[in-house]
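Here is the structure we will look at.
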Amino acid sequence: MRPLPASYIVDPAVARALEMGKPVVALESTVITHGLPHPENQKVAEEMEGEVHRLHAVPATIAVLDGRVRVGLNGQQLERLARESAEARERRKNVEKGTSSGTPTSLEAGREPRKLSARDLGPAIALRQSGGTTVAGTLAVAAQAGIEVFATGGIGGVHRGAPADVSADLPQLARSPLVVVCSGAKAILDLPATLEALETLGVPVVGYQTGEFPAFYSRSCGLPVTHRAETPEQVARIARAHWGLGLQSAVLVVNPPPADVALPYDKMEGIIQKALEEAKKEGKSGQEVTPYLLGKVSELSGGESLHTNLALLRNNARLAAQVAGQLARHGGELRA
Ligand code: PSU
Ligand code: MN
């Protein structure tokens, strides 16, 4: 394994797999700290790890704990991250409702798990903070650790009506050579603008058994992708060929949510419009926009969107494990 900074702690099972060229799948942790309610956050994180294991790959959930970059969490660490974020959210809600003292600003300065993009890793390490890594943060760490595959729900992108609010996920995808399996970008975003940005950044977007860009909760939104792959092996071949050219970007594999849990696009659009209006009324900005919108969408859909979100996360973990298996098994053969 390549030498890593002193701030990194690689879980022994992950280190062994990387050492031996066995398949490893990185998993993000903002979905645990900021993306989902408790206890679903912990449960789905464990289930994603279970799916990866079942397909004979090693899961590496990436997070920062007390200023250490963890590549692979054990059960206790995962439980702690999920619980502490739920407690922090509860405290913040009580402060907002006025049933508890303190201000959200003073809580921010406290020990609660943070949302860590790539730019936040240095400060988090130096200041001994804990937090969930976003897609950008996870990519930065996974690339340094030499992990080749990463599963998530939906990437960040260009926000609607706020073309200056572009997720750091996009530029980080441009410089992290991993296969990223997702269900497109979060549906609350401007999807056409996000696809354009991916093109500008040189990130190939490969539809998995689809010619369309999925809209996270929905299997399609009418936007075509430029490439499609039918099997995990084809995905692996595409990635090896891409990196073999010396290109350093991610290969974005978009996997539609399973048909039995996918939600109709038009219905979700109505709900998203309402959520966007509420966010505007509440004056949400910056890092809090995404978690707020996801929560609102879940509330307005009566929990249906949450059910879909959980199912697609498990589904993406499965595909990622299969791709990691292909990349590892045919490492030499598929190397361009
Ligand atoms: N998609 C989800 N839930 C999430 C996220 C994405 O369904 O919680 C997280 C990811 O970690 C992603 C981040 O990297 O939101 C993007 O946030 P922002 O738009 O602030 O960059
Ligand atoms: Mn943003």
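Residue indices begin at 1 and follow the sequence shown. All ligand and atom numbering here is 1-based and tracks the order in the structure.
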Between N316 and T152, does a side-chain hydrogen bond (donor to acceptor under 3.5 Å, both in side chains) hold up when you go through it step by step?
CA-CA 7 Å; N316 292 345; T152 182; over 6 Å; no
Can you tell me the protein heavy atom closest to [atom] and the distance?
atom	answer
atom 9 (C) of ligand 1	T30 CG2, 4.0 Å
atom 21 (O) of ligand 1	S167 OG, 2.7 Å
atom 13 (C) of ligand 1	K186 NZ, 3.6 Å
atom 8 (O) of ligand 1	G35 CA, 3.3 Å
atom 10 (C) of ligand 1	E28 OE2, 3.5 Å
atom 12 (C) of ligand 1	D169 OD2, 3.3 Å
atom 19 (O) of ligand 1	T290 OG1, 3.0 Å
atom 4 (C) of ligand 1	L294 CD1, 3.7 Å

As an exercise, identify every atom of ligand 1 less than 4.0 angstrom from a heavy atom of [X].
X	value
K115	17 (O), 18 (P), 20 (O)
T134	11 (O), 14 (O)
F216	7 (O)
H159	19 (O)
G154	1 (N), 6 (C)

Does any non-hydrogen side-chain atom of [Y] lie less than 4.5 Å from one of [X]?
X	Y	value
T290	K186	yes
E148	L178	no
Y8	R68	no
V323	V253	no

Looking at ligand 1, would Q287 count as a contact under a 4.0 Å heavy-atom criterion?
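It does not; every heavy atom stays at 4.0 Å or beyond.
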Heavy-atom gap H34 to ligand 1 smaller than 4.0 Å
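Heavy atoms of H34 never come under 4.0 Å of ligand 1.
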Positive for side chain to side chain contact (heavy atoms under 4.5 Å, CB included) with L276, one of H159, R160, K296
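Option passing the side chain to side chain contact (heavy atoms under 4.5 Å, CB included) with L276: R160.
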Any pair with a residue in residues 197-219 that passes side chain to side chain donor-acceptor pair (under 3.5 Å), sequence neighbours left out, goes on the list, sorted by first then second residue, please.
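Applying side chain to side chain donor-acceptor pair (under 3.5 Å) to every pair that reaches into residues 197-219, excluding sequence neighbours, yields E212-S220.
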Pair T133, S29 - check side-chain hydrogen bond (donor to acceptor under 3.5 Å, both in side chains), show working.
CA-CA 5 Å; T133 48; S29 49; 3.3 Å; yes
If the test is salt bridge (charged side-chain N to carboxylate O under 4.0 Å, His left out), which one of R92, R89, R83 qualifies with E112?
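The single option meeting the salt bridge (charged side-chain N to carboxylate O under 4.0 Å, His left out) with E112 is R92.
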Between L36 and N309, which heavy-atom pair has the shortest distance, and what is it?
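So the minimum-distance heavy-atom pair works out to CD2-ND2, 3.8 Å.
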Identify, by name, the N, O or S atom of D165 lying closest to the Mn ion (ligand 2).
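Result: OD1.
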